[in-house]
Number of protein chains: 2
Amino acid sequence: MTIGIFCFYYRSMVRKRRNKISYSTVRRLTLYLRELEGLLEEGQKTVSSRELAAAAGVKATQLRKDLSFFGSFGVRGRGYDAEDLADNIRRILGVNKEWPTVLVGAGSLGHALAGYKGFALHNIRFVGVLDSDPAKIGTTLAGLTIEPLERIWDYPKEKGGKIVVLAVPASAAQDVADMAIRAGYDGIINFAPVRLRVPPVVALYSVDLSMAFEHVTFELSTEN
Amino acid sequence: MTIGIFCFYYRSMVRKRRNKISYSTVRRLTLYLRELEGLLEEGQKTVSSRELAAAAGVKATQLRKDLSFFGSFGVRGRGYDAEDLADNIRRILGVNKEWPTVLVGAGSLGHALAGYKGFALHNIRFVGVLDSDPAKIGTTLAGLTIEPLERIWDYPKEKGGKIVVLAVPASAAQDVADMAIRAGYDGIINFAPVRLRVPPVVALYSVDLSMAFEHVTFELSTEN
DNA sequence: TTATGTGAACCGGTTCACAGCT
DNA sequence: AGCTGTGAACCGGTTCACATAA
């Protein structure tokens, strides 16, 4: 019975997915989840679309429309059960499962990512840390022993590695990405400031830290 | 003469700015600049909208439309002078000027940001590093002596501090942001995973590192 | 009455088609 | 002829209005 319902939602999710969910909707779902987790910590049991939308900085109708792409999770006249809605958003975003992740690059950015609190909360579990610098190999980071880059080939089979995180210099990023694709990883999260070329079968997300500055300096430049 | 032309563009930029430049346009401008800098390093002198747009992964008309909000920088029938276009985009984004920036938080993320190569390239200059942990104060990071958080009040006057970068725990971010606003900083770049409340007079950009994961896991969850 | 879920209307960002220079 | 610059057309994402349910 439970399985039946699960499958129904799951299939409906996949079907609707085909009529493309926008990037903005996914981004907002992460915001809703963030706020929801805050409300849950404060002990709130129930939440209305108005309240949650205000917390996330969007309109209530926007929130309801976003959710409607995936199913209906609320109760008319009442609102949403906070825990239940959080679980549903986690399932939609895929963060209800664990994603074995390999971190490539044990420089300062690698250290920062390994220590980032938010990841454990979202079921990101680093299963390996790799680096090409012989001096670093054998030392530990976040409880893991740093291994040579070549081990990137082994993780998908040995430990079910699904995602690689690139915290390497821009000049090395494309090469490592190519290795990762051939090794069978499904997702790449890139922190190097280059536009990577990858086939559409892998999920790629690039974070360019300088972009944040440029948005701010743009904003500041146009007023004065 | 030169000043006259500068003023013209500048004013036209400001006027057009009032009919709001979209977030997407600014993001793409950073991409164009990135690719342009790559082409310049390879010694290219001239570039067409087709070529640059392809490198940035957008349509040529999109690129020309984006630029048209700020002026006309090309030569019909010829294309763009690469160096000249890069200078113009830098000016539009405001990265032609230096932005004295104070880094708050000397944890692992602070270290990563202080060592991030891309910043110097975009005229971000850290003038101070602050932390509230007495154990860290007096040690050095990126050539700067770590000072107590309270020094945040002094930088805007003493060293023209314009921007603060928050690399602090989520629980402290709002407090530090409030201090920064009262201290007179114009821009805040936030790496803590919380939605900050700030008045519209300051430019705020938040980077949530876990969001990258959630985009990827969403992508991977909906296919299979 | 209150608050969700959703087709329809709206609006802004993208793309098209072509005028304007070189 | 070649490529930019831009008003107009188009399209997709947001907002509205209201049917639906508790």
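Quick caveat, the model's predicted, so the values are computed rather than measured. The chains referred to below are lettered A, B, ... by the order of the sequence lines, with proteins before strands, and numbering in each begins at 1.
Distances from the side chain of A/K59 to the nucleotides D/dT14, D/dT15, C/dG5 place D/dT15 closest. Among the nucleotides D/dT14, D/dC3, C/dA3, the one closest to the side chain of A/R28 is D/dT14.
In terms of phosphate contacts, A/T61 brings no side-chain nitrogen or oxygen within less than 4.0 Å of OP1 or OP2 of D/dC16. For D/dA22, the OP1/OP2 oxygens have no side-chain nitrogen or oxygen of A/Y80 closer than 4.0 Å. Taking side-chain N and O atoms only, B/R64 has no distance below 4.0 Å to OP1 or OP2 of D/dG5.
One interatomic measurement links the two molecules: CG of A/L52 to P of C/dA3, which rounds to 14 Å at whole-angstrom precision. Between the C1' atom of C/dT4 and the CZ atom of A/F70 lies a distance of 17 Å, rounded to the nearest Å. Look at CZ on B/R50: it is 9 Å from C1' on D/dG2, rounded to the nearest Å. Atom-to-atom, CG of A/L63 to P of C/dT6 comes out at 14 Å; the value is rounded to the nearest Å. Across the protein-nucleic acid pair, B/D66 atom CG and C/dT15 atom C1' stand 12 Å apart, rounded to whole Å. Regarding B/L85, its CG atom lies at a distance of 16 Å from the P atom of D/dC3, rounded to whole Å.
Judged by closest nucleotide on DNA chain D, A/Q62 is the one of A/G77 and A/Q62 placed further toward the 5' end. Nucleotides of DNA chain C nearest to B/S24 and A/G79 differ in position, and the one nearer the 5' end is that of A/G79.
By the 30° and 60° cut-offs, the orientation of the rings of B/F119 relative to B/F126 is perpendicular.
Checked by distance alone, A/K65 brings a side-chain donor or acceptor within 3.5 Å of a matching partner on the base of C/dG7. If you check distances only, the side chain of B/R76 never reaches the base of D/dG5 with a donor-acceptor pair under 3.5 Å.
If you check every strand for non-hydrogen atoms under 4.0 Å, A/S22 touches sugar and phosphate atoms only. B/R78 comes within contact range of the sugar-phosphate backbone alone, with a heavy-atom separation under 4.0 Å but no base atom that close.
Under the 4.5 Å side-chain criterion, counting only non-hydrogen atoms from C-beta, B/Y32 is not in contact with B/S49. Put simply, the side chain of A/F218 reaches to within 4.5 Å of the side chain of B/I92, judged on heavy atoms.
More than 12 heavy atoms of other residues, nucleotides or ligands lie within 6.0 Å of CZ in B/R195, so this atom counts as buried by the packing criterion.
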